[in-house]
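Note sheet for the following structure.
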Amino acid sequence: MHPMKQKERSDIDRCVRCGNCKTLCPTYAAEHVEMRGGRGRLALLQRFFGGGVKPSKLLRHHINSCILCGACNRSCPLGIDLTEAIYRGRSALKKGDRRGALLRALAKMSVTWPDIAYKTAQIGQRSIFPALTRMGIIPPIPDLPEAPLRKTDQVFRTQRKKRGRVAVFTGCSINYIFPHFGESLLNVLQRLNYEVILPKGETCCGSPLRTLGLEDEAVEQAKKNHRVFSRLKVDAILSLCPTCTMTLKYDYPKMIGKGLDRAMDISTFFIDKLENTDIINKKAFFHDPCHLSFGLGVKKEPRELITRAGIELVGPAESGCCGFGGLFCVSNKELSANMLKDRAAAITSSGADTVITSCPGCIMQLSRSITDRPVIHLIELIEDAFYFRGEEQKELF
Ligand code: SF4
Ligand code: SF4
């Protein structure tokens with residue numbers, strides 16, 4: 001019997017093997033192998049935690065090939081939390097996993113000393129990075145900016161009467177890779193007369209650590225973030241990364257017993273605050289990030305904001321995974337590439353001249369394949385359509 005059995009098994013044991021969780025599972029759709037779908041993985045974990053299956057390379061391979069999109073959680077009629085079981089499984093399986101040791105060490109170092117990691121990355125982005133990407137240790141990363149978004153305690157006051165206060169959880173990808181998205185968010189919030197706070201002390205949300213089985217380290221980050229953000233008197237905690245938002249809101253209660261309830265996606269926050277504008281005459285495809293649609297249950301708000309900007313939405317509204325999944329795209333290179341190929345084909349055949357999404361990771365992944373049209377973040381559109389309305393606009397499209 002595995003020592004972690006009780007906690008993990010209570011939920012897993014309720015499974016009736018109906019297979020519903022396979023219907024939207026992107027890794028099952030790509031390979032049609034039972035152990036590469038929700039039901040198969042859950043059955044493996046049940047046997048592993050029950051002591052019937054020993055840790056092995058093959059077992060790790062099946063459990064680590066899950067992209068943790070959360071589609072299975074949404075489709076299970078019994079409400080079984082499959083992704084939580086996968087996280088627990090990875091944590092239990094990391095012992096003896098020499099293959100993932102380097103990645104775990106790098107992740108721990110980056111989270112412990114993020115600014116040093118950033119400086120090192122800046123120096124190495126032309127030399128070490130391409131080699132690490134070729135070796136499959138890190139995903140391809142766009143050119144890093146000169147400075148991150150978050151510096152120290154930052155409060156951005158409004159010139160006019162304050163409408164409210166909002167905290168921004170920047171997250172690592174916005175802070176270190178796409179700070180201009182964060183600046184767009186600050187612009188829009190200030191235009192709407194919100195005081196904005198970027199508090200000192202924010203750290204990695206913990207999600208990348210969990211995907212690597214580093215549960216204790218992720219819990220440590222969750223506690224730090226909860227301490228910093230829960231004391232703020234704000235109307236909302238906004239992030240431009242749905243993985244961060246989902247983690248703060250729904251995963252922290254499972255990790256540390258309390259979540260950040262005011263965390264929400266920007267589309268949910270802006271839906272009742274931005275008026276119609278029809279200045280942008282384009283056809284766009286909205287790509288649903290998995291953690292936005294399955295994790296946060298947000299689908300209609302981004303689409304409504306896009307159409308309010310005068311853009312015609314084209315293509316099917318069904319979600320489809322781009323195959324990014326953070327470090328999934330390096331640890332499951334071939335599978336990720338196949339998923340990207342399918343998603344890119346669905347997008348390009350839609351006739352859209354622009355691709356809009358709400359996740360920095362999806363942008364990185366989709367931009368690798370879709371190079372003949374812009375792939376933008378929803379906040380860029382919001383800034384262009386609503387913030388610069390009637391003024392000189394940025395050249396987005
Ligand atoms: S999280 Fe996604 S990839 Fe993993 S089992 Fe569930 S549906 Fe499949
Ligand atoms: S949908 Fe739920 S009950 Fe059905 S096989 Fe999947 S985990 Fe089990």
Side-chain angles (χ1 to χ4, degrees), residues 24 26 29-30 67 69 71 140 142 173-174 177-178 180-181 184-185 188 240-243 265-268 270-271 274-325 329 336-389 393-397:
L24 294 174
I67 197 167
C69 64
S173 54
I174 297 298
I177 303 175
F178 298 112
H180 60 288
F181 293 168
S184 297
L185 177 60
V188 177
L240 294 169
C241 172
T243 303
D265 182 60
I266 55 159
S267 62
T268 318
F270 286 131
I271 196 72
L274 297 173
E275 292 160 11
N276 286 10
T277 164
D278 53 3
I279 50 169
I280 300 175
N281 184 18
K282 292 277 176 186
K283 285 183 181 174
F285 186 105
F286 182 71
H287 166 78
D288 296 90
C290 296
H291 290 163
L292 183 71
S293 58
F294 302 127
L296 296 167
V298 173
K299 265 187 92 79
K300 76 174 181 3
E301 291 87 345
R303 289 183 168 78
E304 194 175 322
L305 287 170
I306 291 167
T307 48
R308 271 191 213 171
I311 292 180
E312 181 191 344
L313 277 168
V314 293
E318 291 100 51
S319 302
C321 182
C322 68
F324 181 69
C329 68
S336 165
N338 289 337
M339 289 157 76
L340 172 60
K341 199 168 140 213
D342 288 348
R343 192 59 178 156
I347 292 172
T348 47
S349 65
S350 69
D353 43 38
T354 306
V355 185
I356 306 173
T357 186
S358 294
C359 168
C362 297
I363 290 175
M364 280 196 261
Q365 176 84 337
L366 293 172
S367 304
R368 290 169 69 187
S369 180
I370 301 172
T371 51
D372 59 350
R373 64 204 86 188
V375 180
I376 65 166
H377 195 289
L378 180 66
I379 192 62
E380 294 184 276
L381 169 74
I382 289 176
E383 185 189 34
D384 208 41
F386 301 99
Y387 173 82
F388 285 111
R389 191 161 31 132
Q393 292 191 11
K394 281 186 180 178
E395 285 200 6
L396 268 186
F397 306 102

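Heavy atoms only: backbone and side chains are in, while hydrogens, waters and symmetry mates are out. Keep in mind the model is a prediction, meaning the values are calculated, not measured.
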Q | Residue from Thr357, Asp288, Val355 passing side-chain contact (heavy atoms from CB on, under 4.5 Å) with Cys362 | A | Thr357
Q | Distance in Å, Ile67 CD1 paired with Cys322 SG, rounded so as to fall on 0.5 Å steps | A | 6.5 Å
Q. Does Met364 offer a backbone N or O that forms a donor-acceptor pair with the side chain of Ser367 under 3.5 Å?
A. no
Q) Do side-chain atoms of Arg308 reach the backbone of Leu274 as a donor and acceptor pair under 3.5 angstrom? A) yes
Q. Is Gln365 reaching over with its side chain to a backbone N or O of Gly323, donor-acceptor style, under 3.5 angstrom?
A. yes
Q. If you measure from SG on Cys241 to CZ on Phe181, what distance do you get to the nearest 0.5 Å?
A. 11.5 Å
Q. Where do Phe270 and Ile379 land on the side chain to side chain contact (heavy atoms under 4.5 Å, CB included) test, with the steps shown first?
A. CA-CA 10 Å; Phe270 286 131; Ile379 192 62; 4.1 Å; yes
(Q) Just verifying a value: how many Å separate Leu296 CG and Asp265 CG, rounded to the nearest 0.5 Å? (A) 6.5 Å
(Q) Arg373 vs Thr348, test: side chain to side chain contact (heavy atoms under 4.5 Å, CB included). Steps then yes/no. (A) CA-CA 9 Å; Arg373 64 204 86 188; Thr348 47; 3.5 Å; yes
Q) Nearest heavy-atom pair of Val188 and Glu383: which atoms, and what distance? A) CG2-CA, 3.8 Å
Q) Heavy-atom distance under 4.5 Å between the side chains of Pro360 and Ile177, does that happen here? A) no
Q. What's the verdict on side chain to side chain contact (heavy atoms under 4.5 Å, CB included) for Ile306 and Leu378, showing C-alpha distance, side-chain angles and the deciding distance?
A. CA-CA 8 Å; Ile306 291 167; Leu378 180 66; 3.8 Å; yes
Q. Looking only at heavy atoms, which two atoms of Phe285 and Ala352 are closest? And how far apart?
A. N-CB, 3.5 Å
Q) Between CD1 of Ile376 and CG of Asp384, what distance do you get to the nearest 0.5 Å? A) 7.5 Å
Q) Do the side chains of Phe324 and Cys69 get nearer than 4.5 Å, heavy atoms only? A) no
Q. Mind checking whether Pro302 and Leu292 have side chains closer than 4.5 Å, heavy atoms only?
A. yes
Q. Taking all atoms of both residues into account, what is the closest heavy-atom pair of Ala30 and Met339, and its distance?
A. CB-CG, 4.4 Å
Q. Is it true that a side-chain atom of Ser349 and a backbone atom of Ala346 form a donor plus acceptor pair closer than 3.5 Å?
A. yes
Q.
When you compare the side chain of Phe178 with that of Leu240, does any pair of heavy atoms fall below 4.5 Å?
A. no
**Q.** Within-4.5 Å side-chain heavy-atom neighbours: His287 and Val375
**A.** no
Q. Distance from Arg303 atom CZ to Ile311 atom CD1, nearest 0.5 Å?
A. 13.0 Å
Q.
Main chain of Glu301, side chain of Ser267: is a donor-acceptor contact present, judged purely on distance under 3.5 Å?
A. no
Q: Any chance you could measure Ile370, atom CD1, to Ile363, atom CD1, to the nearest 0.5 Å?
A: 11.5 Å
Q) Can any side-chain N or O of Arg343 pair as donor or acceptor with the backbone N or O of Leu366 at less than 3.5 Å? A) no
